[in-house]
Amino acid sequence: TQLLEQSPQFLSIQEGENLTVYCNSSSVFSSLQWYRQEPGEGPVLLVTVVTGGEVKKLKRLTFQFGDARKDSSLHITAAQPGDTGLYLCAGEVNGNQFYFGTGTSLTVIP
Amino acid sequence: DVKVTQSSRYLVKRTGEKVFLECVQDMDHENMFWYRQDPGLGLRLIYFSYDVKMKEKGDIPEGYSVSREKKERFSLILESASTNQTSMYLCASRKWGRGGGYTFGSGTRLTVV
């Protein structure tokens with residue numbers, strides 16, 4: 001089993017603050033995805049990164065894939081209450097299967 | 001709006017019962033998956049299927065079986081429910097190809113008493 005570790009596990013911040021969430025592994029992945037899950041719902045795909053060193057931006061969210069394709073980070077600028085949720089990373093192996101991290105639970109306080 | 005639909009949001013079953021969790025997708029995806037989600041353990045893969053009538057074991061298949069008689073439908077079966085199978089069950093589908101994302105259902109919260 002591939003192990004993806006996310007940190008921090010829990011994060012509670014004030015509206016307007018910046019934050020970074022990390023996803024780390026000793027394994028190399030051909031791509032990596034980030035999902036957000038709201039309470040009572042399934043995860044929803046935010047982004048896929050494929051190339052080592054790749055950076056993608058989605059409004060206030062910035063995603064980076066590590067040069068060695070073993071790790072990734074998610075940076076949120078000026079967090080808003082609507083960003084509250086569980087953030088999951090998922091690393092791709094063998095072309096069709098992903099292994100999910102344990103998640104970072106983010107709470108943004110108004 | 002494309003979607004994955006799980007038949008029940010909440011289920012309460014007794015120990016020893018046979019439990020069926022149904023999942024239907026309308027995106028013509030080849031691949032379908034069943035995960036369970038537990039606090040601190042993340043999403044763990046139970047079974048997946050590449051095609052009709054095909055199934056592959058995931059990381060935690062013990063106590064579960066699956067059925068895929070039609071491309072759009074993937075069923076998870078708990079042969080004899082036990083309390084340690086109390087969990088959130090998530091169904092997902094995905095198209096073949098590198099980088100494509102999962103589309104998840106809303107989940108079924110199963111409690112075995």
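Per chain, numbering begins at 1; letters A, B, ... match sequence-line order. Predicted, not measured: the structure shown is a model, and the values here were computed from it.
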- Query: Just wondering, are more than 12 heavy atoms of other shown residues or ligands nearer than 6.0 Å to CD in Glu5(A)?
  - Reply: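 Open: at most 12 neighbouring heavy atoms sit under 6.0 Å from CD of Glu5(A).
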Is it the case that one hydrophobic cluster holds both [X] and [Y], taking links as side-chain heavy atoms less than 4.5 Å apart, direct or via other members?
{"X": "Leu76(B)", "Y": "Phe33(B)", "value": "no"}
{"X": "Tyr89(B)", "Y": "Leu11(B)", "value": "yes"}
{"X": "Ile76(A)", "Y": "Val47(A)", "value": "yes"}
{"X": "Tyr22(A)", "Y": "Leu61(A)", "value": "no"}
{"X": "Phe74(B)", "Y": "Val24(B)", "value": "no"}

- Note on the structure: Closest heavy-atom pair, Gly101(B) versus Gln33(A), reported as atoms and distance to 0.1 Å, is CA-NE2, 3.4 Å
- Message: For a quick test of reading the model, state the closest non-hydrogen atom pair linking Leu90(B) to Gly42(A) and the distance between them.
- Response: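 So the minimum-distance heavy-atom pair works out to CD2-CA, 3.9 Å.
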- Task: Please look at Leu41(B) and chain A and tell me whether the side chain, the backbone, both or neither of the residue comes under 4.5 angstrom of a heavy atom of that chain.
- Result: backbone
- Query: Side chain, backbone, both or neither: which part of Arg44(B) has a heavy atom under 4.5 Å from chain A?
  - Reply: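 For Arg44(B), no heavy atom lies under 4.5 Å from chain A.
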- Leu32(A) versus chain B, heavy atoms under 4.5 Å apart: side chain, backbone, both or neither? neither
- Task: Measure distances from Gln6(A) to the heavy atoms of chain B and classify the residue's part below 4.5 Å as side chain, backbone, both or neither.
- Result: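 Contact with chain B is absent: no heavy atom of Gln6(A) under 4.5 Å.
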- Leu86(A) side, atom CG; Leu43(B) side, atom CG - distance, nearest 0.5 Å: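 It is 8.5 Å, given to the nearest 0.5 Å.
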- Message: Using a 4.5 angstrom heavy-atom cutoff, name the option from Gly101(A), Gly103(A), Gly40(A) with the most pairs to chain B.
- Response: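 Of Gly101(A), Gly103(A), Gly40(A), Gly40(A) has the most heavy-atom pairs under 4.5 Å with chain B.
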- Message: Test your reading of the model: is there a side-chain donor-acceptor pair from Tyr102(B) to the backbone of Phe98(A), 3.5 Å cut-off?
- Response: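 Yes.
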- Message: Quick check for you: among Gly58(B), Ser106(B), Gly42(B), Pro39(B), which has the greatest number of heavy-atom pairs under 4.5 Å with chain A?
- Response: Ser106(B)
- Quick one: are Gln37(B) and Phe100(A) in side-chain contact, heavy atoms under 4.5 Å?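 Answer no - side chains too far apart.
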